[in-house]
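Notes to accompany the following structure.
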Amino acid sequence: MSDKSYLSASYNNILVSAIENKNGLKVGLIQLNRPEALNALNIPLMKEVVDTMENMDVDDEIGCIVLTGNARAFAAGADIKEMADATAIEMQLSNRFARWDRIRKIRKPIIAAVSGFALGGGCELAMSCDMIIGAESAKFGQPEINLGVIPGAGGTQRLTKAIGKARAMEMILTGRMMTSKDMYEAGLLTRVVEDAVYLDEAIELAKEIASKPNLAVMLGKESVNKALDLTIESGLEYERKNFYLLFATEDKFEGMKAFVEKRKAEWKGR
Ligand code: DAK
């Protein structure tokens, strides 16, 4: 049994819960909760988010994570007020954004449920997740150019890989906001849904994933992510190793036996 105390702990900038899933593991829900600042991502908030993701990652009752904001904003970026006086030397020495890099190490899938503004670091935070469900009226953008800087948490890299150079260049050099529909058509979003149901849809998708054998889910996520970094040759080798590795799990034997016996598999997560 993993430590569940993080679920009942109190937080200043986020809300945390675990949603029951009658068909499988629970869904961990993290809601950004600084509405007065459009969920601007200050250091205390990011500490709470990343620590909670890491707690959920090792919680054996959680199968998938949903990260969301509120109807008006997923997040309007890193906290500009917190950065306004910072110098290059101070940024380099304090490495105050280092925590962001830890999101990439989370092994369970994370779904961003986005409504309202997803700007700057908010867009980058959504892109650090594995899938994005967007409300119809959500707005995505990298407006850092209007502050005299460029994206610093993966915007130039992840956005370009997701939507291609032509459109990424336009977004990053103009700071213009794009709709969910634009972003879906460009390949950044998994789905665009009506405003009223963006969170429900994300939770439903997370429940479906959390009902699958979780070791296969983790290695599936890891292998897909490798496709973005590796050559096709190395990526295929990586996939093959993970495929073989899953033949060491009890769930592989159960899954294939259940198919042959024409019954529903009972996953053990082993
Ligand atoms: N930071 C701080 N406060 C913010 C904020 C932000 N990013 N965005 C909004 N707010 C605050 C506003 O200051 C205002 O507070 P009060 O004045 O009421 O105290 C409140 O939220 C409501 O905002 P508005 O009054 O401006 O609301 P509007 O509806 O008129 O406008 C807006 C909404 C989203 C268009 C506007 O607020 C806006 O343009 N916000 C800034 C968007 C932006 O430029 N975002 C990019 C920030 S730079 C890194 C990690 C991350 C980053 C970099 C590096 N590493 C890992 C190295 C990220 C950088 C960024 O995100």
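Keep in mind that what you see is a predicted model, and the values were worked out from it rather than measured. Each ligand, and each atom within it, is numbered from 1 in the order the structure gives.
With 3.5 Å as the limit, one finds a donor-acceptor pair spanning the side chains of Thr179 and Asp182. No hydrogens or angles considered: nothing links the side chains of Tyr11 and Asn33 as a donor-acceptor pair under 3.5 Å. Asp3 and Ser5 share a side-chain donor-acceptor pair at under 3.5 Å.
Polar contact check, Pro143 against ligand 1: no nitrogen or oxygen pair lies under 3.5 Å apart. Residue Phe117 places no N or O, backbone or side chain, under 3.5 Å from any N or O of ligand 1. Here's the thing with Gly121: one of its N/O atoms is less than 3.5 angstrom from an N/O atom of ligand 1. Residue-to-ligand polar distances place Ala76 within reach of ligand 1: an N/O pair is separated by less than 3.5 Å.
Within the 4.0 Å heavy-atom criterion, the part of Arg72 lying near ligand 1 is the side chain and not the backbone. Contact annotation: for Leu41 versus ligand 1, there are no heavy atoms closer than 4.0 Å. Contacts between Phe97 and ligand 1, counted as non-hydrogen atom pairs separated by less than 4.0 Å, involve both the backbone and the side chain.
Contact atoms of ligand 1 toward Gly77: 61 (O) (distance under 4.0 Å to a heavy atom of the residue). Shown in contact with Ala37 at under 4.0 Å from a heavy atom are these atoms of ligand 1, numbered in order with element: 4 (C), 9 (C), 10 (N), 11 (C), 21 (O).
Here the closest heavy-atom approach between residue Cys129 and residue Ile110 is recorded as CB-O, 3.4 Å.
Partners of Lys212 under the salt bridge (Lys or Arg N to Asp or Glu O under 4.0 Å) rule, at least two apart in sequence or in another chain, do not exist in this structure. Under the salt bridge (Lys or Arg N to Asp or Glu O under 4.0 Å) criterion, Lys47 pairs with Asp51, sequence neighbours left out.
A salt bridge is absent between Glu254 and Lys268: the closest approach of a Lys/Arg side-chain nitrogen to an acidic carboxylate oxygen does not fall below 4.0 angstrom. A salt bridge does not link Asp59 with Lys26: every distance from a Lys NZ or Arg NE/NH1/NH2 to an Asp or Glu carboxylate oxygen is 4.0 Å or more.
Nearest residue to atom 52 (C) of ligand 1 from Ala75, Ala73, Ala78 is Ala78 (criterion: closest heavy atom). In the candidate list Lys81, Glu82, Glu144, Lys81 is nearest to atom 14 (C) of ligand 1, counting heavy atoms.
Within 4.0 Å of atom 30 (O) of ligand 1, not a single protein heavy atom is present. Distance screen at 4.0 Å: atom 39 (O) of ligand 1 has no protein heavy-atom neighbour inside the cut-off.
Distance from atom 57 (C) of ligand 1 to its nearest protein heavy atom, with residue and atom name: Gly152 O, 3.2 Å. In terms of protein heavy-atom proximity, atom 23 (O) of ligand 1 is closest to Leu38 CD1, 3.7 Å.
Contact between Glu36 and ligand 1 is present, with at least one heavy atom of the residue lying under 4.0 Å from the ligand.
Side-chain atoms of Lys221 come within 3.5 Å of backbone N or O of Lys108 as a donor-acceptor pair.
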